[in-house]
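Have a look at the structure below, then the notes.
None of the values given here were measured: they were computed from a predicted structure. The basis for the numbers below is simple: all heavy atoms, side chains too, and nothing from hydrogens, waters or symmetry mates.
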Amino acid sequence: MKHDKKAITAMVTGMAIGAALVSEAAAGIVAEPTWQKIYVDGRQVSMTAYNIAGHNYVRLRDIGQQVGFNVYWEDGVQIDTDAPYTGVAPAQKISSQPTEMEIREEMIRCINKVRKKHGVPELAVDQSLMDAAQECSAYLYTKHNNRTECETVAASGYPHGFGSNLTVFTVTEPEKIPQKAVANWEHSPGHLATMIDPNCDAVGVGVTINNGRAFCYMFVGNPTANNPYA
C-alpha cells in the first residue's frame, strides 16, 4: 500500500470509515492484524494495521508520523498537513503588547533618528523631563496648556526652559505608537522645528493610552532658555 501527502484527504476518509467499523466490533465484525506490506513513497514502513472485512485500516497518528503531517486532539481530531508530526497541539501564540516604557524608549529613538537626518546632535534622556512629560500625557490634553506644562516641568526639577510637542490619535496598533507620534511631529513644520532645535540637548517623552487614543508628549530641554513659571 503506497501513499503520499497528496492522498491524505482520501486516506482520512478511509480512516473515518475504519473507525466506524472498529466501533462495530462488538456486533461481530472481527479485526485481525494485516499481513500486507505498507509503503510510503516507495519505502516500506512499519505500521500497525488491521484487516477488517477485507480492508486495511491504520491509525491516523501512525499515518501522520510516516507521511509527515501533524495529527492531534483538540476539540476533535485535528489534521494539519502543513506541520510536521508531533502528536500534540501547537502552542498558542501569545500576542505581546509593548509596555509603556518600551513605547517611550522607541519614541526617543525615533526622535533622535529625525534629528540625525537633519544634522543636529542626538538628545540625552533627562529623567526630570521624562517624569514631566508622562504626567502631562496623563492629563489627556488635546491641545497645549502652556502654564500647566511649564509648572509640571519646573516641579519635576528640570531647571531650564524647554520646547513642547503634543499629538493625540486613535490607536490601531500599539507597537506603532512611537512611529505615528514622531511622524505627526515631523510632518508639521512647527513641531519639527521644536524636535530638531539645535539649542536643545535633552529629551523626555510621555504616553498615555485612554479609550483607544494615545496622548503623546515630547519635552526637549534647552539650557539656553528659561522657564517662565519656574
Side-chain angles (χ1 to χ4, degrees), residues 91-230:
Q92 296 295 320
K93 292 182 179 180
I94 301 175
S95 70
S96 58
Q97 298 294 340
T99 65
E100 172 197 284
M101 185 52 67
E102 287 172 338
I103 293 174
R104 296 168 73 191
E105 289 172 349
E106 179 63 14
M107 189 182 300
I108 292 170
R109 192 192 70 79
C110 292
I111 290 168
N112 278 328
K113 185 177 179 180
V114 173
R115 286 180 64 89
K116 183 178 180 180
K117 183 167 66 174
H118 288 269
V120 293
E122 293 187 356
L123 301 170
V125 176
D126 183 278
Q127 190 58 50
S128 295
L129 292 176
M130 290 287 282
D131 293 342
Q134 185 59 33
E135 183 174 340
C136 283
S137 75
Y139 295 152
L140 308 183
Y141 290 147
T142 56
K143 62 181 181 179
H144 285 284
N145 186 314
N146 290 332
R147 177 160 189 158
T148 298
E149 292 171 8
C150 289
E151 290 177 344
T152 302
V153 169
S156 75
Y158 186 74
H160 308 298
F162 65 98
S164 172
N165 279 354
L166 166 65
T167 183
V168 181
F169 52 87
T170 300
V171 176
T172 55
E173 299 174 278
E175 66 275 11
K176 294 185 178 179
I177 289 175
Q179 292 81 3
K180 174 69 173 176
V182 174
N184 286 351
W185 294 328
E186 187 176 13
H187 296 149
S188 167
H191 290 92
L192 176 61
T194 298
M195 188 161 51
I196 64 174
D197 186 342
N199 294 317
C200 295
D201 63 1
V203 65
V205 296
V207 177
T208 295
I209 302 173
N210 183 274
N211 286 332
R213 303 171 77 196
F215 298 77
C216 304
Y217 259 102
M218 178 198 74
F219 290 153
V220 285
N222 186 345
T224 67
N226 296 317
N227 185 335
Y229 292 95

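- Side chains of Gln179 and Glu106 form a contact here, defined as non-hydrogen atoms less than 4.5 Å apart.
- For the salt bridge (Lys or Arg N to Asp or Glu O under 4.0 Å) test, residues two or more places apart in sequence or in another chain that qualify with Lys176 are Glu173.
- Applying the side chain to side chain contact (heavy atoms under 4.5 Å, CB included) criterion to Val120, with sequence neighbours excluded, gives Arg115, Ile196, Pro198.
- In terms of the side chain to side chain contact (heavy atoms under 4.5 Å, CB included) criterion, residue partners of Thr148 (sequence neighbours excluded) are, by chain and number, Tyr139, Tyr141, Asn145, Thr152.
- Residue pairs meeting the side chain to side chain donor-acceptor pair (under 3.5 Å) criterion with at least one member in residues 214-229, sequence neighbours excluded: Glu149-Tyr217, Asn222-Thr224.
- Between atom SG of residue Cys216 and atom CG of residue Asn184 there is a gap of 8.5 Å, rounded to the nearest 0.5 Å.
- Contact annotation: the side chain of His118 approaches that of Leu192 to within less than 4.5 Å [non-hydrogen atoms, C-beta and beyond].
- Residues Met218 and Thr194 have side chains in contact (heavy-atom distance under 4.5 Å, counting atoms from C-beta outward).
- Closest non-hydrogen pair, Phe215 versus Leu140, comes out as CE2-O, 3.4 Å.
- Ile209 has its side chain within reach of Ile177: a pair of non-hydrogen atoms, C-beta onward, lies under 4.5 Å apart.
- Annotation: the span from Glu151 atom CD to Cys136 atom SG amounts to 10.0 Å, rounded to 0.5 Å.
- Considering every non-hydrogen atom in both Phe219 and Ser164, the closest pair reads CE2-OG, 3.2 Å.
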Decide salt bridge (charged side-chain N to carboxylate O under 4.0 Å, His left out) for Arg104 and Glu100; before the verdict, give the C-alpha distance in whole Å, the side-chain angles of both, and the deciding distance to 0.1 Å. CA-CA 6 Å; Arg104 296 168 73 191; Glu100 172 197 284; 3.5 Å; yes

Would you list the atom pairs, donor with acceptor, under 3.5 Å between side chains in residues 123-131 and any protein atom, with sequence neighbours excluded?
{"from": "Asp126", "atom 1": "OD1", "to": "Ser128", "atom 2": "N", "distance (Å)": "2.9"}
{"from": "Asp126", "atom 1": "OD1", "to": "Leu129", "atom 2": "N", "distance (Å)": "3.0"}
{"from": "Gln127", "atom 1": "NE2", "to": "Asp131", "atom 2": "OD1", "distance (Å)": "2.8"}
{"from": "Ser128", "atom 1": "OG", "to": "Ser156", "atom 2": "O", "distance (Å)": "3.3"}

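- Of all heavy-atom pairs between Pro223 and Gly221, the closest is CD-O, 3.7 Å.
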His160 vs Phe162, test: ring-ring contact (aromatic ring centres under 6.0 Å, His included). Steps then yes/no. CA-CA 7 Å; His160 308 298; Phe162 65 98; over 10 Å; no

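- The main-chain N or O of Val207 is found under 3.5 Å from a side-chain atom of Gln134 such that the two form a donor-acceptor pair.
- For the side chain to side chain contact (heavy atoms under 4.5 Å, CB included) test, residues two or more places apart in sequence or in another chain that qualify with Glu122 are Asn112.
- Taking the side chain as every heavy atom from C-beta outward, Met195 and Ile111 approach each other to under 4.5 Å.
- In this structure, Ala133 and Gly206 approach most closely via the heavy-atom pair CB-N, 3.5 Å.
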